[in-house]
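Everything below concerns the one structure shown next.
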Amino acid sequence: MLAPLLACASVEDYLALQRDVDMARVVERLGDWSAVRLGALGPLVDARASRVLTRKRAAFLLDAVRDSGAYAQVFALFIIHTAYDDELDELLRLLARDKQLGQTLGPMEAVRRELGRRGLKLSDYPERGEVPGDVLRGLGQAAADALNSSPSSDGARYQRMSEQLRQLPPAYQRAQASLERELMREHYAPGRMALGAIDQLTFGVPLGFYHLAVGTAHGLGDLTQGQYEQATRELAPAALLVALYAGGKGARYLAETRGAGARLSLPELRLETLRRVAWQVTERLGVDSLAELSRYIRASREAAVFVGAGGEPAAVALYEARGDVARAQAWLSEARPERAGAPEPRVTPSGAVSGVASLVDEAAGYSTQVVEAKLLQAELEATGPRLPADVTLLHKLRATLSTPPPGVPEGYALWNEYLTYRQRRLSELERGAARAGPLRWEAYEWMRGAFARGLAFERFMVELLRADALLPVTQRQWLQGFNLPRIEVHVGVSKPGVPGIRYADVLIIEKQPPVGQSPRVETFSFKSRYLAPLERDPLREQIRVDARAALDYYGGTLEILRPSLKGRVQVQNVRLVYQGGELLPGNPRELETAVNQVQARLPGVEILFR
């Protein structure tokens, strides 16, 4: 029964699997130790199942104290580290009601200290008074102790304990081994009390990390000991805890987006996901807030379920609600969903994206002013998630900018550009010159990759148009309506009733118009947009938005601002040209239908693909 749960790749999968079964019955049927292992995987969705788990944990503790002696502290700490504060409170109350608290956890100094760190003191849980049944229970315990003192029973108990210890994460196994050595020395040195080996466990193993270290060999649930150690070393406990619960299906997403040749092994993939999710939550909330959020998750089983099922948005909602799950649910339902847009392929630091300066080419018409204006427009149109337009919060988050996200090396040009961009947006918000918060790093990275790709496509199209202009009119593909076309790139234009200056990608003017007629003028707008994942309605809407913008900005009556062309012109035709190939949807008929519908509504725009 435990195997499918141990094989879950994430807390989200673990919660989803629980909803398909009666978890209270599952936990009831498990042995006490198996139930303890199950509780270490993460929160139980069903409150009834959680109450059964508490009884199983209490029963296991009683047996461990009886059968394992000093080693019971290792198991007790494991239960504490993998239980939520409200579950621990219920466990302590249960032991106190049964008059078992003092004799089980009372002598364990390391356990008392760890409970104190969680705000739980044994003195706050007074045990009930004596009842007649306690005498019988004491006699029964004495009889059991007498039987357990036999060599065969002692060997069986040690073998069972050793098997259970092998199923613990590496830190607990090392503590047990050290404790065994110290107990051996103590055996030959009467009066010594050398149980300090337990102290190394009081750092608090993060909740839910157990299944990453000791899961089955299925899915992403199996981390080797080395990667377990690496994760606990690289990520603070608070960051690791939040990443586990807010990560959702991130590991599978990374697996799908990597090429087969460069694909990481599953444990490495999981570890990379943990690093990335921890950084993303820190980017959004700040370092101090991350520690506070981890306390909210650890305090309540219900809060852990909420974040595990809802991922990063739920984690942010829980933080905003100061740990109140009901308020967090209301906050999340009222919050405007982030516009994810079409997910661009992720840019790697080894790719072609570099600073803005590398995109400037004065001879080709790509001046610094033009590139910066186009980049500003691309940023305004970007649909990826943004940080809130909250000046106080952005000031608080500035500390996050000192370290790039996982996988981004120090000195990476795009990361340095992003630092400047976020600081500039913060200054604009302070002056009231901007309303939208800055893009989050990953969204900015996607936007800049698409921007660089778009400029490359634009240069290609300009060269194509210039070559087309040299052909006889009858052989031309793009400029058949012109006798002697003049091709100008990045022409500054304004339009009556439309505020601001825009740069038309290409402006074509007839140099030899018929006598008595105004020169023919056409404009081109080039788009390198990732349309492949869009289905029918979103695809049509994206094309409609682009066509509407091209018509509004570059169609009708334009005022040309370039000194050599200055004047007012009437544009006869606006062409919107998309980059084709792998950027387009795989269903040509669906794309054709969307284009026809948009052109029927906006006849002034011709939509083409190259």
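These numbers come from a predicted model, not from an experiment.
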When you measure from the side chain of [X] to the backbone of [Y], do you find a donor-acceptor pair of N or O atoms at a distance under 3.5 Å?
| X | Y | answer |
| --- | --- | --- |
| Q599 | I607 | yes |
| R562 | H490 | yes |
| D89 | D85 | no |
| K396 | G286 | no |
| R568 | T557 | no |
| T420 | N416 | yes |

Value rounded to 0.5 Å, distance of [atom1] in [X] from [atom2] in [Y]:
| X | Y | atom1 | atom2 | result |
| --- | --- | --- | --- | --- |
| R529 | L583 | CZ | CG | 11.0 Å |
| I501 | K495 | CD1 | NZ | 15.5 Å |
| D546 | F526 | CG | CZ | 14.0 Å |
| I508 | R575 | CD1 | CZ | 8.5 Å |
| L465 | E522 | CG | CD | 10.0 Å |
| L15 | L41 | CG | CG | 10.5 Å |

Could you tell me which non-hydrogen atom of [X] sits nearest to which non-hydrogen atom of [Y], and how far apart they are?
| X | Y | answer |
| --- | --- | --- |
| A389 | A436 | CB-C, 4.2 Å |
| A594 | I543 | CB-CD1, 4.2 Å |
| A382 | L439 | CB-CD1, 3.9 Å |
| A317 | L332 | CB-CB, 4.0 Å |
| A373 | Y503 | CB-CE1, 3.6 Å |
| L551 | V605 | CB-CG2, 3.7 Å |

Report task. Carefully, step by step, assess E283 and R386 under the rule salt bridge (charged side-chain N to carboxylate O under 4.0 Å, His left out). Result -> CA-CA 11 Å; E283 175 194 31; R386 295 176 179 269; over 6 Å; no
Query raised in the report: Going through the checks in order, is the side-chain hydrogen bond (donor to acceptor under 3.5 Å, both in side chains) test met by R544 and Q597?
Result: CA-CA 9 Å; R544 187 198 67 79; Q597 290 175 345; over 6 Å; no
Query - Option among Y530, F524, F609 that satisfies the ring pair (Phe, Tyr, Trp, His ring centres under 6.0 Å) test with Y578 - result: F609
Requested in this report: Quick one: do R425 and E379 satisfy salt bridge (charged side-chain N to carboxylate O under 4.0 Å, His left out)? Show the steps, please.
Outcome: CA-CA 11 Å; R425 180 54 51 87; E379 191 275 341; 3.0 Å; yes
Query raised in the report: Do Q329 and D324 pass the side-chain contact (heavy atoms from CB on, under 4.5 Å) test, and can you show the C-alpha distance, the side-chain angles, and the key distance before you say yes or no?
Result: CA-CA 9 Å; Q329 290 170 332; D324 187 316; over 6 Å; no
Query raised in the report: When you measure from the centre of the six-membered ring of Y84, is the NZ or CZ of R301 under 6.0 Å away and within 45° of the axis?
Result: no
Requested in this report: Evaluate side-chain contact (heavy atoms from CB on, under 4.5 Å) for V277 paired with E312, printing each intermediate quantity in order.
Outcome: CA-CA 8 Å; V277 171; E312 184 185 336; 5.9 Å; no
Report task. Test E559 against S494 for side-chain hydrogen bond (donor to acceptor under 3.5 Å, both in side chains), laying out the working first. Result -> CA-CA 5 Å; E559 191 73 35; S494 63; 5.7 Å; no
Query - Sequence-distant partners of Y444, ring-ring contact (aromatic ring centres under 6.0 Å, His included), two or more places apart - result: Y418, Y421
**Report entry** Chi angles and distances behind the side-chain hydrogen bond (donor to acceptor under 3.5 Å, both in side chains) call for Q18, D46
**Finding:** CA-CA 8 Å; Q18 289 185 54; D46 186 355; over 6 Å; no
Query raised in the report: Are E592 and R536 within salt-bridge range, i.e. N to O under 4.0 Å?
Result: no
**Report entry** Ring geometry between Y319 and Y296 (parallel below 30°, tilted from 30 to 60°, perpendicular above 60°)
**Finding:** tilted
Requested in this report: Applying side-chain contact (heavy atoms from CB on, under 4.5 Å) between T523 and each of D505, V493, L507, report the one that passes.
Outcome: L507
Requested in this report: Please step through side-chain contact (heavy atoms from CB on, under 4.5 Å) for the pair K527 and Q579, ending with a clear verdict.
Outcome: CA-CA 6 Å; K527 293 291 183 185; Q579 184 174 354; over 6 Å; no
Query - Derivation of the side-chain contact (heavy atoms from CB on, under 4.5 Å) call for E606 and L576 - result: CA-CA 6 Å; E606 184 179 0; L576 173 62; over 6 Å; no
